[in-house]
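Each remark here refers to the structure printed beneath this line.
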Amino acid sequence: MNRLAVELPGLKMKNPIMPASGCFGMGKEFGELYDLNQLGALITKAITLEPRFGNPTPRVAETPQGMLNAIGLQNKGLDTVCAEELSYYESFDVPLLANIAGSTKEEYEIVAQILSKQSVVSALELNISCPNVKEGGITFGTDSDIVFDLVQSVKKVSTVPVYVKLSPNVTDIVEIAKAAEAGGADGLTLINTLLGMRMNLKTRKPLLANGTGGLSGPAVLPVALRCVYQVAHATSLPIIGIGGISTVDDVLEFLMAGASAVQIGTANFVDPYVCPIIIDQLETRMDELNISSLEQLTKEARS
Amino acid sequence: MNRLAVELPGLKMKNPIMPASGCFGMGKEFGELYDLNQLGALITKAITLEPRFGNPTPRVAETPQGMLNAIGLQNKGLDTVCAEELSYYESFDVPLLANIAGSTKEEYEIVAQILSKQSVVSALELNISCPNVKEGGITFGTDSDIVFDLVQSVKKVSTVPVYVKLSPNVTDIVEIAKAAEAGGADGLTLINTLLGMRMNLKTRKPLLANGTGGLSGPAVLPVALRCVYQVAHATSLPIIGIGGISTVDDVLEFLMAGASAVQIGTANFVDPYVCPIIIDQLETRMDELNISSLEQLTKEARS
Amino acid sequence: MSLQCLAKIIENQEIAKDIFQLILEGDFVEKIEQPGQFVHLLIPSQKTFLRRPFSLASYHQDKNQCTILYKILGTGTKELAQLKKGTSISLLGPLGNGFFVNPLYEKVLLIGGGIGIPPLYELGKEFQKKGTEVTFLLGYRNQEEVFYQEEFAKLGTVITYTEDGSFGHQGRIDAAFPTLEKDWNAVYSCGPTPMLKAVKENFSNQYPTYLSLEERMACGFGVCYGCVVAQTKKKTPLKVCQDGPVFLATEVEL
Amino acid sequence: MSLQCLAKIIENQEIAKDIFQLILEGDFVEKIEQPGQFVHLLIPSQKTFLRRPFSLASYHQDKNQCTILYKILGTGTKELAQLKKGTSISLLGPLGNGFFVNPLYEKVLLIGGGIGIPPLYELGKEFQKKGTEVTFLLGYRNQEEVFYQEEFAKLGTVITYTEDGSFGHQGRIDAAFPTLEKDWNAVYSCGPTPMLKAVKENFSNQYPTYLSLEERMACGFGVCYGCVVAQTKKKTPLKVCQDGPVFLATEVEL
Ligand SMILES: Cc1cc2nc3c(=O)[nH]c(=O)nc-3n(C[C@H](O)[C@H](O)[C@H](O)COP(=O)(O)OP(=O)(O)OC[C@H]3O[C@@H](n4cnc5c(N)ncnc54)[C@H](O)[C@@H]3O)c2cc1C
Ligand SMILES: Cc1cc2nc3c(=O)[nH]c(=O)nc-3n(C[C@H](O)[C@H](O)[C@H](O)COP(=O)(O)OP(=O)(O)OC[C@H]3O[C@@H](n4cnc5c(N)ncnc54)[C@H](O)[C@@H]3O)c2cc1C
Ligand SMILES: Cc1cc2nc3c(=O)[nH]c(=O)nc-3n(C[C@H](O)[C@H](O)[C@H](O)COP(=O)(O)O)c2cc1C
Ligand SMILES: Cc1cc2nc3c(=O)[nH]c(=O)nc-3n(C[C@H](O)[C@H](O)[C@H](O)COP(=O)(O)O)c2cc1C
Ligand code: FES
Ligand code: FES
């Protein structure tokens, strides 16, 4: 028996570690650094219907144990991604989560419909929580009626399981999670970035060209854990935990809070090998903490 | 002319630095370390009508560049505070902000009424954003109708200016800020702590006895700056900025985002002398950045 | 004089499994008043943020030096163990109220468990100076973690227990309670809370019993209200860092 | 071979006001292919989080060493300047696509401003090895910040400007443009964006003109999309860290 294996809708993972969308490009750069077959699952950068340039630079800024980004969903658009980028993932024997975004419900529907037909795509992750675009993005993710409606619509046209990625920038994340559950979501990913800002001391204006940006990295870990814990105790959907993970202990904290698997984002920028390193350390740490299996750990946390 | 001086309703400050409520006890311990007359203003720990024991321990936990606390408003109650603690502040020639909390509107009103009559109290700070108490606290601060009503009621009975301290744990902080403004607030303090959690790897349960706690320290600085900036551009109330400040540059970032003064909390636990050190460094740093006066800096930021 | 200073690391060495002896030098040593006081160290690492509290195991005011014994338990202590001799570390202290060394006492019992043992060393030294007869009852997990046996032996009678029996008597410390003499002037204890509870239960209605408590701390000097303990029959909690860490057992609820 | 390694600090010394020469040793040096590539350093400090990018000013593949010249501008560079010789630092690299040293070129112009000057040093060395005639046009803020004058003088003609005239000619670099010869095979430049704009405007329709760009970076190897620049007449942006940092001036919009 594989003590590290976890199974989520559409994602049969040999371990609970996958990269986070937007922090792993379209996989190729990491594929040159290590064998991606080591990972529990793979993920795409957000895909939108049309190509997007994204925001002007500066797009990134440093913060204490964290960073801000305002990339603004730069991507080549659905057609080019399908034609040029998805085939890369076929060489790996690992499930693939396709992260999708849009400015309108119709856009989400089209992208979901087409991507879910691609044989390499195991499941979709609806990004309704991007704080860096003027239309759609986070505004979809902060109103429970819109979330319910959007998830229901996307579910109708999708042939693979649908995960909904939630924003922590809300008064009550449980309410939003329940709306996604009611809409038919197969799982939840939480959290996306917190809305933040830095000022440029010389210009006295916001440092990012976009003004605000999304905060990620270790700084947000306690907020992410709280969101996972709250939602794990209020819904029965499987949860992919994310936010600030950079060590094997962080991973275990998320599973103890109720997550079934985790994503690692910003930590890849500090150490590109962080995912395989953590995977490598998992079993030893489980032994030290008397954890028999990870699926069992999540089950206990949610019982 | 004093380039550091700032004037806010009820608070004529020789510099913009004051400690944050709950991170400065009732002043005495710091008074033994340095002359409190150096500070721009003083502040009390939250005062409630009845004495409060607070939450069980562990009440604090460490996070990356931050900490969680779930003190739960421990204090001796209005009567004892007035009888035993307020007189200490009389020995200083510095304005005093009294931080008050309650479980019901009536409690806020009584505490506000009595405290605003104490000659040593220059202004009140309504804590409607404490995430660590079951009743009142944050639930008051996340609904704009309740905020409006509460502020209006407290204003009616207060004879000194009233600052409202807002929670960042909301979907739209501008909406809450506007409600406080409409209710008659004289100023805003933002932010209180973000709701967070840590797990105990050994017990597999939340580390804090209270489960969740409030996140503070450098980790939250970008969120706090964003809140200040958003509110500064949407209301005309003076803002006391707070959240993660630990250096002189952090202070200037808050003023550039639109704050008129700042509070320093968690940083006092790492370096108890942080406030006088920053005050000492302000003028040199202003020269380096060609800042003529701090009031001017805020004015530019909000114009 | 400032409560905060840079203390110089004179020695930082492993003396038993995961247990280190750290010798620090600085003017703060002058200000130490009692055994049982502690210092709050800022460990210079990207992985930690708050200070960490450690009891004084001994001090030499003529040399401006003090000794701390610590166990690697988590991130901060792991990073502390990396620090090299000669480097300096930010120290807040001395903090708290320690053990009162009553010169009238003739015979005292000092009970320590695990990494709660260190402050009893200086306490034993102070009592020895006063001519008091000292008995140490010390409990360790196992032989590998045993430390300072010789040092304690110089100060009085030492009775040692290990949980697995690999050194001294086998068992938890409370197994010894019925076997002890009964003529103590006072009992002093530091260690894990279950042990302190047993000590309180067994001794506090016969002898003045002093306990040194541990709580997770942020500030360490009484301003954050993080480290409280309930007072017997009173509503306001006490602060471990400022009112303690040493309390009369009958004064606090464990 | 891993893209990440520990590089040993052989030297870390101030060579002009706030400008440091850092010599690093490690196997990564073998993998360097072109002048203009950069490395991404993880500065071990509580005050920084992300890595910091620095161009290679020169490298000696026989010695496994390379040199970086950096200026103290903010928190990270201030902390970097504290690091002692003998310590190691986590390095990602070599990264990016640098300057192509065309062996057919007979005469090239290298224009550098401020802390953009360093990569032109190795570029000049490579051209010298090919027998190409090199002219350096270098701009500094003032005499205090002037560095590497002697080193550059060994490689070719050096024309120097300072903004305040305290060294060499007085003025900004573009003041020199009308006075220069006109028979370059190519022009290479690195420095602040306003300078690069002037270089592009003045030279790019006469000569192949290569610019090394700077952008705030997170990952440094093409996965975060943080460091983009717009492509001329194309919709998809280019990544400075992966597609550059060196671009043909006509290819990018500044
Ligand atoms: C008054 C006092 C005196 C102490 N004296 C000693 C001593 O002499 N020798 C020694 O080895 N230890 C002593 N301790 C315990 C020591 O402070 C902790 O072991 C240490 O803080 C653990 O830090 P860490 O980073 O390794 O652990 P982590 O678990 O990584 O620390 C995370 C956080 O939890 C806190 N924490 C974790 N365990 C404890 C604990 N048991 N008590 C208090 N806070 C804790 C840390 O301070 C930190 O804020 C004392 C504690 C107190 C309160
Ligand atoms: C490809 C490339 C090559 C470079 N080569 C050199 C070199 O050889 N010598 C040298 O001195 N500098 C070089 N720089 C600039 C150098 O990276 C910055 O000066 C440095 O990162 C500033 O860090 P700091 O912590 O001191 O400043 P801070 O302002 O405290 O840094 C905060 C954040 O802003 C980023 N940042 C700040 N200024 C810049 C800048 N000008 N460019 C990019 N990011 C910035 C930092 O990386 C960091 O993420 C290069 C930059 C790039 C992109
Ligand atoms: C540079 C960058 C780009 C991101 N792009 C996306 C994206 O395209 N889609 C998405 O759902 N989340 C995106 N995110 C959010 C991350 O997936 C993740 O939710 C967040 O960074 C928190 O995790 P971390 O702290 O491990 O980075 C991005 C984050 C960063 C830092
Ligand atoms: C231990 C602790 C106790 C606090 N108690 C109070 C309080 O009584 N009233 C209040 O309004 N805020 C309280 N706060 C919140 C702080 O005043 C402040 O809003 C928050 O910590 C963010 O600022 P910082 O990052 O500078 O600490 C407390 C914070 C901490 C860490
Ligand atoms: S640790 Fe802050 S009051 Fe004791
Ligand atoms: S810095 Fe990440 S893509 Fe260039």
Side-chain angles (χ1 to χ4, degrees), chain A residues 19-20 22-34 45-46 50-77 80 198 200-202 207-209 213 216-219 246 265-274 277, chain D residues 1-6 31 40-53 73-77 79 89-93 95-96 192-193 213-231 233-244 252-254:
Chain A
C23 304
F24 211 70
M26 294 300 270
K28 285 201 190 71
E29 288 80 6
F30 285 91
E32 282 167 25
L33 300 183
Y34 59 84
K45 165 103 187 114
E50 303 294 334
R52 298 229 188 155
F53 183 89
N55 289 319
T57 57
R59 288 180 172 185
V60 292
E62 183 172 89
T63 74
Q65 284 293 305
M67 67 174 279
L68 293 171
N69 89 81
I71 308 300
L73 299 182
Q74 175 187 334
N75 79 105
K76 296 186 176 164
T80 312
R198 285 304 308 235
N200 182 327
L201 289 173
K202 280 179 197 132
L207 202 155
L208 297 177
S216 62
S246 69
T266 304
N268 287 291
F269 306 156
V270 178
D271 180 353
Y273 299 90
V274 65
I277 287 173
Chain D
M1 208 196 276
S2 170
L3 193 67
Q4 186 171 264
C5 67
L6 280 178
K31 293 181 285 177
H40 215 21
L41 299 180
L42 189 61
I43 299 160
S45 156
Q46 277 179 310
K47 296 179 189 157
T48 59
F49 172 64
L50 296 170
R51 291 173 178 272
R52 299 287 189 271
L73 276 179
T75 318
T77 43
E79 296 287 306
I89 181 167
S90 169
L91 179 150
L92 205 64
L95 298 170
T193 307
L213 307 188
E214 264 189 28
E215 263 305 333
R216 285 182 184 251
M217 294 182 173
C219 70
F221 61 106
V223 300
C224 78
Y225 300 58
C227 66
V228 297
V229 59
Q231 279 191 80
K233 290 183 209 135
K234 283 196 188 148
K235 279 191 184 154
T236 324
L238 292 165
K239 295 178 212 157
V240 172
C241 68
Q242 191 180 37
D243 301 313
V252 290
E253 282 178 18
L254 296 183

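No experiment lies behind these values; they were computed from the predicted model shown. Each chain gets a letter, A, B and so on, in the order its sequence line appears, and its residues count up from 1. The figures here come from the full heavy-atom set of this structure, side chains too, leaving out hydrogens, waters and symmetry mates.
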Given that the side chain runs from C-beta out, which part of [X] has a heavy atom under 4.5 Å from chain D: side chain, backbone, both or neither?
X	result
A:Phe24	backbone
A:Leu208	neither
A:Thr63	backbone
A:Asn268	backbone

(request) Could you tell me which non-hydrogen atom of A:Pro58 sits nearest to which non-hydrogen atom of D:Arg216, and how far apart they are? (result) CB-CD, 4.0 Å
(request) List the atom of A:Gly25, the atom of D:Tyr225, and the distance in Å for their closest heavy-atom pair. (result) CA-CE1, 3.9 Å
For chain D, which of [options] has the most heavy-atom pairs under 4.5 Å?
options	result
A:Pro64, A:Pro272, A:Pro218	A:Pro272
A:Gly66, A:Cys23, A:Gly27	A:Gly66
A:Lys45, A:Glu29, A:Met67	A:Glu29

Which one, [options], leads in non-hydrogen pairs under 4.5 Å with chain A?
options	value
D:Lys47, D:Met217, D:Arg52, D:Gln46	D:Arg52
D:Leu50, D:Thr75, D:Val229	D:Leu50
D:Thr236, D:Leu92, D:Thr48	D:Thr48

Heavy-atom distance under 4.5 Å to chain A: side chain of [X], backbone, both or neither?
X	answer
D:Lys239	side chain
D:Gln4	both
D:Gln242	side chain

(request) Keeping the roles fixed (side chain from A:Tyr273, backbone from D:Leu3), state whether a donor-acceptor pair exists under 3.5 Å. (result)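 Flag set: sc A:Tyr273 to bb D:Leu3 pair under 3.5 Å.
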(message) Donor-acceptor pair, distance only, cut-off 3.5 Å: does the side chain of A:Arg59 make one with the backbone of D:Val228?
(response) no
(message) How about NZ on A:Lys28, more than 12 heavy atoms from neighbouring residues, nucleotides or ligands closer than 6.0 Å, or not?
(response)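 Atom NZ in A:Lys28 is crowded, with more than 12 foreign heavy atoms closer than 6.0 Å.
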(request) Compute the centroid of each ring, for A:Phe30 and then for D:Phe221, and state whether the two points are separated by less than 6.0 Å. (result)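 When the ring centroids of A:Phe30 and D:Phe221 are compared, they turn out to be within the sub-6.0 Å range.
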(message) Using 0.5 Å steps for rounding, measure from the SG atom of D:Cys224 to the CD1 atom of A:Ile71.
(response)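 The CD1 atom of A:Ile71 is 5.5 Å from SG of D:Cys224, to the nearest 0.5 Å.
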(request) Output, in order, the C-alpha distance, side-chain angles, deciding distance and verdict of side-chain contact (heavy atoms from CB on, under 4.5 Å) for A:Val270 and D:Phe49. (result) CA-CA 8 Å; A:Val270 178; D:Phe49 172 64; 4.0 Å; yes
